[in-house]
Amino acid sequence: MDMDQVELFAQKSDVDNNLSDPTVIAKYRLAADIAQDALTKVVARVADGVRVSELCAFGDEIILSYTSKVYNKNSVEKGIAFPTMVSVNDCVEYYSPTGDAGDDYVLRTGDVVKIELGAHIDGYMATNGHTTVINANPAAPIEGRAADVVCAAHFAAEAALRLMKIGNNNIQVQEAIAEAAALFNCSPVTGTASNEIKRYVIATEKMIMNVPDEENRPVQDFVFVANEAYTLNILISSGDGSCREGAMKPTVFSRNVHQNYNLKLKSARAAFNEISNDFGVFPFSIRVAQFKMTVLISANGTTRITPALPMPYVHSAYSVPADSATAQLLATDAGVKTVKSGKALAGIGATEVAAPAQGMDVDM
């Protein structure tokens with residue numbers, strides 16, 4: 001690529017990611033409202049006896065139902081930016097089973113259930129995530145380490161959000177996450193991070209590590225500036241935060257757009273073409289506690305476009321001390337606008353999707 005091509009690419013990127021352009025904001029907002037509605041409905045279906053694979057299919061169908069009804073005149077790409085993932089207890093992320101290969105999981109009372117998903121309109125993506133706990137007695141709070149880790153993740157996310165402003169930096173956010181987790185005797189999860197996003201780009205080089213890892217994932221310090229969008233992804237563990245390979249295998253993948261694939265088998269080429277046509281650059285599925293949101297930083301301030309869902313009813317033995325830096329940060333005026341979800345969906349309506357069956361079981 002010569003210098004003229006590089007300059008043209010940079011100019012196009014500036015236009016594509018201009019957060020002062022109402023069309024760009026409208027596409028982000030529509031994607032956010034779709035993701036928000038899907039997440040709300042999936043969370044409402046979480047219950048003892050429900051299969052994870054059914055929840056994943058349920059969330060994906062809601063997203064596709066909405067996106068099939070918008071931007072149809074000019075062949076605009078839209079659909080799933082992140083498949084619906086339901087990761088339970090110590091499974092960190094990326095669990096989206098099909099239920100066909102014996103890899104499914106049936107939810108049980110007491111499970112800590114993390115749900116995350118994402119939608120995109122014309123490459124402008126919004127992702128969100130929420131944690132809930134299956135409670136046998138909804139009138140009584142969940143207690144113990146499940147309550148501790150949910151509270152730690154919630155306050156870490158709120159503290160981090162307040163620092164995502166023009167002039168602040170990624171290290172400040174990283175330190176706030178660590179302190180909030182420590183107040184509840186919990187730890188951020190290694191190998192997980194928040195990222196800057198752009199049109200059709202799920203992660204740029206700007207990264208906020210939940211745990212510093214200079215040896216395996218060196219990250220440059222950076223300052224937040226106007227005209228940036230981020231996925232804020234907070235993952236907290238009730239243990240030491242270290243990861244190991246578990247029984248639940250990741251089932252979410254993404255093709256490397258910088259890699260040329262010389263596929264010899266006809267079936268392999270057909271599968272690759274289907275993936276490219278259906279998912280493009282976005283992750284796909286062959287089908288700890290987490291809070292995740294999409295944040296836009298513009299010259300006019302910071303806006304959270306995927307609002308928080310109601311917290312599960314939990315009671316932790318720990319609290320945020322009044323003299324802690326976390327308490328002082330939470331007490332400040334956030335200066336962050338949160339949009340009211342659903343406005344962009346007016347008049348669209350998702351096709352009614354059948355609820356996943358409950359009370360079913362599988363051999364594990």
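Along the sequence shown, residues carry numbers from 1. Please read these numbers as outputs of a predicted model, since none were measured by experiment.
- Put simply, the side chain of Ile34 reaches to within 4.5 Å of the side chain of Ile121, judged on heavy atoms.
- Residues Val225 and Met207 do not share a hydrophobic cluster, defined by chaining ILVMFWY side chains whose heavy atoms lie under 4.5 Å apart.
- Between Tyr95 and Tyr105, the gap from one ring centroid to the other reaches at least 6.0 Å.
- Legend: residues meeting salt bridge (charged side-chain N to carboxylate O under 4.0 Å, His left out) with Asp90, ordered by chain and number and at least two apart, are Arg244.
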Tell me which donor-acceptor pairs under 3.5 Å the side chains of residues 321-329 have, and how far apart each pair is, sequence neighbours excluded?
residue: Ser324; atom: OG; partner: Pro321; partner atom: O; Å: 2.7
residue: Ser324; atom: OG; partner: Ala327; partner atom: N; Å: 3.1
residue: Thr326; atom: OG1; partner: Glu179; partner atom: OE2; Å: 2.9

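- Between Val42 and Phe58, some side-chain heavy-atom pair lies under the 4.5 Å cut-off.
- Residues Asn185 and Arg145 meet the side-chain proximity criterion, which asks for heavy atoms closer than 4.5 Å.
- Across Ala146 and Val112, no two heavy atoms sit closer than the pair CB-CG2, 3.8 Å.
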Item to check | Verdict with supporting geometry, Arg29 and Val339, side chain to side chain contact (heavy atoms under 4.5 Å, CB included) | outcome: CA-CA 9 Å; Arg29 288 287 304 275; Val339 301; 3.8 Å; yes

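- Of the candidates Asn168, Thr302, Val336, Ile297 forms a side-chain contact (heavy atoms from CB on, under 4.5 Å) with just one, namely Thr302.
- The minimum heavy-atom distance between Ile177 and Ala160, with the atom names listed, is CG1-CB, 4.1 Å.
- Aromatic ring orientation, Phe222 versus Tyr230: parallel (interplanar angle below 30°, classes split at 30° and 60°).
- Rounded to the nearest 0.5 Å, atoms CG (Asp148) and CD1 (Ile142) are 12.0 Å apart.
- Atom CG of residue Leu296 and atom CG of residue Asn227 lie 10.0 Å apart, to the nearest 0.5 angstrom.
- Here the closest non-hydrogen pair linking Lys69 and Asn72 is C-ND2, 3.6 Å.
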Next on the checklist: Could you go through Asp213 and Thr190, starting from their C-alpha distance and side-chain angles, then the distance that decides it, and tell me whether this counts as side chain to side chain contact (heavy atoms under 4.5 Å, CB included)?
Outcome noted: CA-CA 8 Å; Asp213 187 3; Thr190 58; 5.9 Å; no

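- The backbone N or O of Ala35 lies less than 3.5 Å from no partner atom in the side chain of Tyr66, so there is not a single donor-acceptor pair.
- Judged purely by atom type and a 3.5 angstrom limit, Asn18 uses its side chain to pair as donor or acceptor with the backbone of Ser20.
- The two residues Gln174 and Pro212 come nearest to each other via the heavy atoms NE2-CG, 3.0 Å.
- Taking both residues in full, the closest heavy atoms of Phe155 and Ala180 are given as C-CB, 4.1 Å, listed atom of the first, atom of the second, then distance.
- The OG1 atom of Thr127 lies 6.0 Å from the CD1 atom of Ile197; values are rounded to the nearest 0.5 Å.
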Next on the checklist: Would Asn128 and Met293 count as a side chain to side chain contact (heavy atoms under 4.5 Å, CB included) here? Give the steps.
Outcome noted: CA-CA 5 Å; Asn128 53 356; Met293 65 193 79; 5.6 Å; no

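- Note: the hydrophobic cluster containing Val92 does not contain Leu117 (ILVMFWY, side chain heavy atoms under 4.5 Å, direct or indirect links).
- No side-chain donor-acceptor contact under 3.5 Å links Lys337 to the backbone of Thr303.
- In this structure a side-chain-to-backbone donor-acceptor pair under 3.5 Å is missing from Asn170 to Ile208.
- The closest donor-acceptor contact from the side chain of Asn74 to the backbone of Val76 lies at 3.5 Å or more, if one exists at all.
- Looking at Ser298 and Asn300, their side chains never bring a donor and an acceptor atom within 3.5 Å of each other.
- Side-chain contact, Thr84 with Asp60: a donor N or O sits under 3.5 Å from an acceptor N or O.
- Asp111 places no side-chain N or O within 3.5 Å of a backbone atom of Ile134 that could act as its donor or acceptor partner.
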Item to check | Residues Ile236, His154; criterion side chain to side chain contact (heavy atoms under 4.5 Å, CB included); working and verdict | outcome: CA-CA 9 Å; Ile236 305 294; His154 167 73; over 6 Å; no

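- Ring geometry for Tyr94 versus Phe82: interplanar angle under 30°, hence parallel rather than tilted (30 to 60°).
- Cluster annotation: Leu107 is connected to Val43 through the hydrophobic network of ILVMFWY side chains, with a link wherever side-chain heavy atoms come within less than 4.5 Å.
- Taking both residues in full, the closest heavy atoms of His120 and Ala31 are given as CA-CB, 4.1 Å, listed atom of the first, atom of the second, then distance.
- Between Thr109 and Asn135, the closest side-chain pair of non-hydrogen atoms is not below 4.5 Å.
- Salt bridge status for Glu61 with Lys41: absent, with no side-chain N to carboxylate O gap under 4.0 Å.
- Between Thr131 atom OG1 and Glu116 atom CD the span is 9.0 Å, to the nearest 0.5 Å.
- Shown are Ser237, Pro188, Cys91; of these, the side-chain contact (heavy atoms from CB on, under 4.5 Å) with Val288 is made only by Ser237.
- No donor-acceptor distance shorter than 3.5 angstrom exists from the side chain of Glu196 to the backbone of Glu228, with no hydrogens or angles considered.
- Side-chain atoms of His130 come within 3.5 Å of backbone N or O of Pro310 as a donor-acceptor pair.
- Formation of a donor-acceptor pair under 3.5 Å by the Asn210 side chain with backbone atoms of Asn233 is found in this model.
- Hydrophobic clustering (side-chain heavy atoms under 4.5 Å, transitive across Ile, Leu, Val, Met, Phe, Trp, Tyr) groups Ile115 together with Ile63.
- Without hydrogens or angle criteria, Lys114 side chain to Asn89 main chain gives a donor-acceptor distance under 3.5 Å.
- To the nearest 0.5 Å, atoms CG (Asn195) and CE (Met209) are separated by 9.0 Å.
- With a 4.5 Å cut-off on side-chain heavy atoms, Phe184 and Ser316 count as touching.
- Between Gln290 and Glu93, the closest side-chain pair of non-hydrogen atoms falls below 4.5 Å.
- Counting heavy atoms from C-beta on, the side chains of Tyr200 and Asp122 come closer than 4.5 Å.
- The structure places CE of Met125 at 14.0 Å from CD1 of Ile80, a figure rounded to the nearest 0.5 Å.
- Side-chain contact between Phe291 and Met311 is present, with heavy atoms from C-beta onward closer than 4.5 Å.
- Note: the hydrophobic cluster containing Val320 does not contain Val150 (ILVMFWY, side chain heavy atoms under 4.5 Å, direct or indirect links).
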